[in-house]
Each structure stands twice: as structure tokens, then as C-alpha cells.
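Heads up, the thing below is written out as C-alpha cells.
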There are 2 protein chains.
Amino acid sequence: MVTIGDVASAAGVSRSTASYALSGKRTISPEVRLKVLQAVESLGYTPNAGARALATSQTRVLALLGRFLSDEFAPAMLQYILGVSNRARELGYDTLLVSEDDGAAALKRISDSRMVDGFVLLNVAERDTRLPVLRAAPQPGALVGLPGEPDGLDVFDLDFDATGSFMIDTLHGLGHREIVLVSQPEHVVERGGAYVWRLADGARRRADELGVSLHTYFGSSSQPAIGADLHRILDTHPTATGLLLNNEAAAAALPSVLAARGMTAPDDLSVIGRYSDDFARTFSLPFSAVDSAADELGRRAVEQLVQRIENRADDAPAHLELIAPVLHDRGSIAAPRP
Amino acid sequence: MVTIGDVASAAGVSRSTASYALSGKRTISPEVRLKVLQAVESLGYTPNAGARALATSQTRVLALLGRFLSDEFAPAMLQYILGVSNRARELGYDTLLVSEDDGAAALKRISDSRMVDGFVLLNVAERDTRLPVLRAAPQPGALVGLPGEPDGLDVFDLDFDATGSFMIDTLHGLGHREIVLVSQPEHVVERGGAYVWRLADGARRRADELGVSLHTYFGSSSQPAIGADLHRILDTHPTATGLLLNNEAAAAALPSVLAARGMTAPDDLSVIGRYSDDFARTFSLPFSAVDSAADELGRRAVEQLVQRIENRADDAPAHLELIAPVLHDRGSIAAPRP
DNA sequence: CTGAAAGCGCTTACAG
DNA sequence: CTGAAAGCGCTTACAG
């Protein structure tokens, strides 16, 4: 392989001069600089990443720690991953994808071996076992998903509480007074998926304030169970005029459920979901929905993380950013039929 | 950070002895070995990855190069990624996820900087611009997806030709004589998605042999266009009794299309798709389908790649593995109505 | 069975 | 404005 020594020889300078000419960390005469650049070009020199990391203690790599649970909705995950990976690259970093089941152990291993400059944690749980390890690590981290104790950590998430409240507000404003909310399955909550109850709590609070009758349910996360769930729930509440979905599988199943019941949205039922725009497009979901903003959350987390990595001044206060809900109106909400 | 020097001091031995005690590359007395191990344990020593890479020219990292095209069907991609990442980890490797648009440039950059020991290329196109770069690279690679010129490269893919032939065979055996095939959109083919015409060719050949009338179409890759496509196609061929889908979006759209037409499978139409089991489960697709085996292809590619990395004997012949089609019967095929 | 030393390819104080 | 040298933390011939 071609090293900086080869470049230096070809340019007729010392290795340190070649190095400085490339890094620009000290002034170099234009002629020397040009010769070095030409040598780099003709030899096709690229610095050895391991050697550079050893010398500088910087790897220009970020670790992305996902939690890929077989009973969760997989397709949504890719948006976060690509948001992180693409933004990292734009900022000059590569991404190490870590999919191990034991995220805490993986984080420790990768941190200790100094493979990366920082961590992005996806799908963060209420009491996430990765957090104590992250706090003890010398590298900074950014979370996508709000844990119970975010103290001192940079956190990015959709504001699920405001989302629940916003959904109720929106339907109430149209005249709805009886609404059903179908959430992710209970085991997601038990595993620490706090966003489920955060949205439900926000909805509950606002419903109480406005005198709206709200019925909340957990739904399955896969087919065909969720289809049956929806039928049962709609049977139970024949007078409800609004349906809120915090469950991608439910959203995917709803079109055929409605068709089977001879119902249409918004004529028979106003529907608001919570999923990504991309998801809606892929499956042609005709429901207005609060965008889960996966791509954007991933990107923001990376930006903040790189900020921390590159600013020695590590004393900046932790950044907690909850994105306000944005409704993508696809025409599935209207005033209830009189 | 704690280095092997610290371990050596704590154990009262030299750094080389500490290193050998850990690698096992030369015989060490049991007592010394124990002392080293205890020092490692109590100090919490983990080797510095950059230093090790520099010394050994091995990184224990694999690069995973995807092609994430906005107009392709995203959800299917994650299965390949996790197959690769999980299998890599099982074999002691981490995975660098590369999502840059210019895969050839990315491959060159990563290869030159010696960040990884090998490459897995996903979604390989007929004439893939990454291949010449890979062939010139010192690190080995494995492809998921069969290119036009696979010479010398390890390739893993579903046998799409056999899949097309198998689909026709299956329906013909049940008595079908007029069949429609809906493929991915034409632009996927133009971009090098050779699997589209490989399946179509296999189907065509077998249909001709068996005297089956086969109508082939490109369909859109997203909603709602593909729904309209399906309606138009079914309108055009009212006497067709079999439908083959090599297009995930079409499979996702078909349930509502059939419902809208008052049709059911297999009573009015026998249907065979080609998509992953996971995909079928998530969206409750009730169609028998040839499994696209994403997870397995990713895993096999990694196994072969690691084989190449770890066997100095680089002279093993290229490995071309086309997985035979396996039908997951979900009850959507039967004899046509008389 | 173990140690002292060289070397991997960089960067960066230290001198001039 | 430039060069010689030290050092990052490992591994592995070379000696004993």
C-alpha cells in the first residue's frame, strides 16, 4: 500500500511536511504544497485509517446501536438508519451498524476498543440498559427516543405527549366527542416503549379537559391478529366517530378492515395515524397521520453528536429536543355525520 | 485508557508475554497466563482496535454496501442488512454500513483507507459500477445479487430463472393455461435489476414449453399507481386464471384490488408472489409466495467472505450460489374453476 | 518458557 | 517555512 512516506519521497520532502501539507495545520509554501498534492494524486494515496486513529485518537466513525426486536414493526426502522448513516457521511463520518441483542455489552466492547468517536442509540427504552454504559463511556452519545432519566444526555424524539393531545384536539375541533385509540401491543410498553403511554397519556389528558370520551386499547403488532383486534374494537364502540392509531400494523390493516365493514374514512370514521410519510406512500395508506419523522430524528441526533465530538468544550448542556407533531392531511378526517 | 502495558505491569511480565498470553500464539506457563488474565479482568482491558489493525493489517470489520434507491421497495432491505450484520457478529466481525449514492467511490475510499477486511455488496446490478473497483481492491468481496459478469467473484442470489420456471410449472400442474406476470417497474430493469427479466425469462421459457399463454407486465413500485395497474391488467385479461407477482408493492396492493373487484384467491384467481416471509407476515399477505430468502442470502455471503478473509489460500475458485425457489404455501393456489 | 526491540503508518510537539 | 524524532498501542520475529 502507498504510505505518506511514499508521498514524501515522490514530492522530495519529509513525511512531516507531507502530512502538514495535507492537513493544512501549518503554513506550507505553495510550491511544496503543490508537489505533495501531485504526488498524492499520482500515487493514489489515502491515509491508513488505523494508523490515523492510533495517532489522533479519532476514528471518524460513529456507532449506530439499534434494537431490532422481532415482534416490532421492522420496515419503519430503515428510515432511522438511513437518516443517521447519510447525515454522518455528509459530516465526514462512517457508520458502524450494531445489531446485537445485548446492546449494553456491545456498547461497552466498542467503546473500550476505541472503534468509534461516538454513539447513536435508536429505539431507546424507558430504562435502557445501554444508558449506564454510555454515561460511563469516554465517547459522547445521542439518543433517538426519550428514556425515563435523560439527565445529561442529548435526546431526540417525537413529542408523543403533544401528539396525543394534538390528535384529540384535532378531532374535537371537528366535532367528535367519542374517540378510540389503538396503541402498540402491551409487551412493547413492558419492554420500555414509553412512547406508547406518552401518546396515550397526552390523549387522555386532553380528552378529559375537553370532555371527550376516549377508549384506549393495545393492538397486536402483526397480521392477522391486528385485523381481528380492530374488528372487535369497532364492534365494541359502534357510536365512536374517531379512530387514532399509534400502531403501524394497525394502520396497514385498517383499509381492509374498513372495506370488510363497508365503511369509509372520513364518512363513517375519522382516522388519524402516527407513522412516517414513507410508510404511508409505500402502502398507500389513505389516512391523515402525524409524521414520525424518523429520517429527521436520525439526522438531528447525528448533528448534535458530531457537535459534541468536535467541540472539546464538552460542557454544553444536554440537548433535549422533542419534535412537535405535524399532521400530513390525507383527507381521512372530517366532521362526524350528524 | 488501559493498555497492554498496564496489563503487563500488573501481571509482572513483559508486554510481549501479555500479548502472547492473550492470543495464545505461543506456549505460556499456566501461572503467567493466569496472572495476565486476572490483570485483564481487574483492569478491564480491551485491545485498542486501531493499534491492532495497524499491527496486524486486520480490522475485524466488514463493509456492507447497499444501494438504497428511493424508488425501490425499502422495507425488504432491512432483512438483508440484519442477516449480514448478525452473521458477521457471530463470526467476530463488526459491520460498517455504507449507504452513499456513489457506491464505487465509497468502496474505493474504504478499501484504500484499510478500514475493513472485506466487502458485502447488496442489490448488485447487471453492470454494477462497484465491481471493477472491488476486483482491483486487495480485500475480498461477496455479492448478493447476480451481475452480468460474475467471473471470479463470490455471488449469492435467489435463482430467479428457476423461480419463474417453477411458478409456471406449479400453476400449470394445477391446470392453469392462461397466466399473467406482473414484474417490477421497467426503470428497475434499466438500472440493472437483472432479476426482473431473469424471472420473466424463466417463466416465458417454461410457459412456451408447456403451451401456457403468458402475459407479462411491468408494474409500478409504489401506491396508488400499482393498484391502478393491477386493475387495468386484470381488466385486459378476464380469462386469465393465474397471477404471478415479482413486485412487492403489487403484492401489498392486491388484497384491496381483489376486494374491490369482488374476487378472492384462489377461487377466482390463483396467485403466487415472490417476497420474504417476514414481509408476508407484517402485511398479512394471504398469497403463496417464493421466499426471497433475504436473511439467508446475507448470512451466506458473510460466511463465504469470512472464509476468504481468513484463509490465506486465496486460490479457491469463485463461489456462485443460486438458491432454489421454495414455495411458502398460504393457500392462494388451486385448480382453476371449470 | 520469556523479554527487549522493531515496526505497522500516521501526527505533532520540538528544533532550527 | 521545513525536518528529525518521538509516540500512539499493538504484534511478532529475534534472542536467549
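Since this is a predicted model, take the numbers as computed values, not measurements. Throughout, protein chains are lettered first and strands after them, A, B, ... in sequence-line order, and every chain is numbered starting at 1.
- Residues A:S14 and A:T17 bring a donor and an acceptor atom of their side chains to less than 3.5 Å of each other.
- Rounded to whole Å, atom P of C:dT12 lies 11 Å from atom CZ of A:R26.
- In this structure, CZ on B:R114 lies 7.5 Å from CG on A:N48, to the nearest 0.5 angstrom.
- A close approach under 4.0 Å does occur between a side-chain nitrogen or oxygen of A:S14 and OP1 or OP2 of D:dG3.
- Whole-Å rounding puts the A:L54 CG to D:dA6 C1' distance at 13 Å.
- Counting to the nearest Å, the P atom of D:dG9 and the CG atom of B:L22 are 17 Å from each other.
- In this structure, of C:dG3, C:dC8, C:dC10, it is C:dC10 that holds the atom nearest to the side chain of A:A55.
- For the pair B:E31 CD and C:dC1 P, the interatomic distance rounds to 9 Å; values are reported in whole Å.
- Contact annotation: A:T27 reaches the phosphate of D:dC1 (side-chain N/O to OP1 or OP2, under 4.0 Å).
- Going from atom CG of B:D6 over to atom C1' of D:dG9 covers 10 Å, rounded to whole Å.
- Across every strand in view, D:dA13 sits unpaired, with no contact that passes the Watson-Crick or G-U test at under 3.5 angstrom.
- A residue-by-residue look at A:P30 and B:G5 shows that A:P30 has its nearest nucleotide of DNA chain D further toward the 5' end.
- Taking only side-chain nitrogens and oxygens, A:R52 comes nearer than 4.0 Å to OP1 or OP2 of C:dT11.
- Across all strands, A:T56 comes closer than 4.0 Å only to sugar-phosphate atoms, never to a base (heavy-atom distances).
- Taking only side-chain nitrogens and oxygens, A:S19 comes nearer than 4.0 Å to OP1 or OP2 of C:dT11.
- Under 4.0 Å is where a charged nitrogen must lie from a carboxylate oxygen, and between A:R109 and B:D94 at least one such pair does.
- For the pair A:R60 CZ and C:dC10 P, the interatomic distance rounds to 17 Å; values are reported in whole Å.
- In this structure, the nucleotide among C:dC1, C:dG9, D:dG9 sitting nearest to the side chain of A:M1 is C:dG9.
- Remark: B:S29 is in phosphate contact with C:dT2, judged by side-chain N or O atoms under 4.0 Å from OP1 or OP2.
- Donor-acceptor pairing under 3.5 Å is recorded for the side chains of B:D154 and B:Q304.
- Among the nucleotides D:dG3, D:dG9, C:dT11, the one closest to the side chain of A:R15 is C:dT11.
- Residue A:K25 has no polar side-chain atom (N or O) positioned under 4.0 Å from OP1 or OP2 of C:dT11.
- Taking atom CG on B:D112 and atom P on C:dG9, their separation rounds to 14 Å, with Å as the unit.
- If you measure from atom OH of B:Y20 to atom P of D:dA15, you get 14 Å, rounded to the nearest angstrom.
- Below the 3.5 angstrom threshold, one finds a donor paired with an acceptor across the side chain of A:S16 and the base of D:dA4.
- Heavy-atom contacts from other residues, nucleotides or ligands closer than 6.0 Å to CZ of A:R127 number 12 or fewer.
- Base pairing annotation: C:dA4 forms no Watson-Crick or G-U wobble pair, as no partner gives both donor-acceptor distances under 3.5 Å.
- Residues A:Q139 and A:S111 bring a donor and an acceptor atom of their side chains to less than 3.5 Å of each other.
- Close to D:dC10, at under 4.0 Å from its OP1 or OP2, lies a side-chain N or O of B:Y45.
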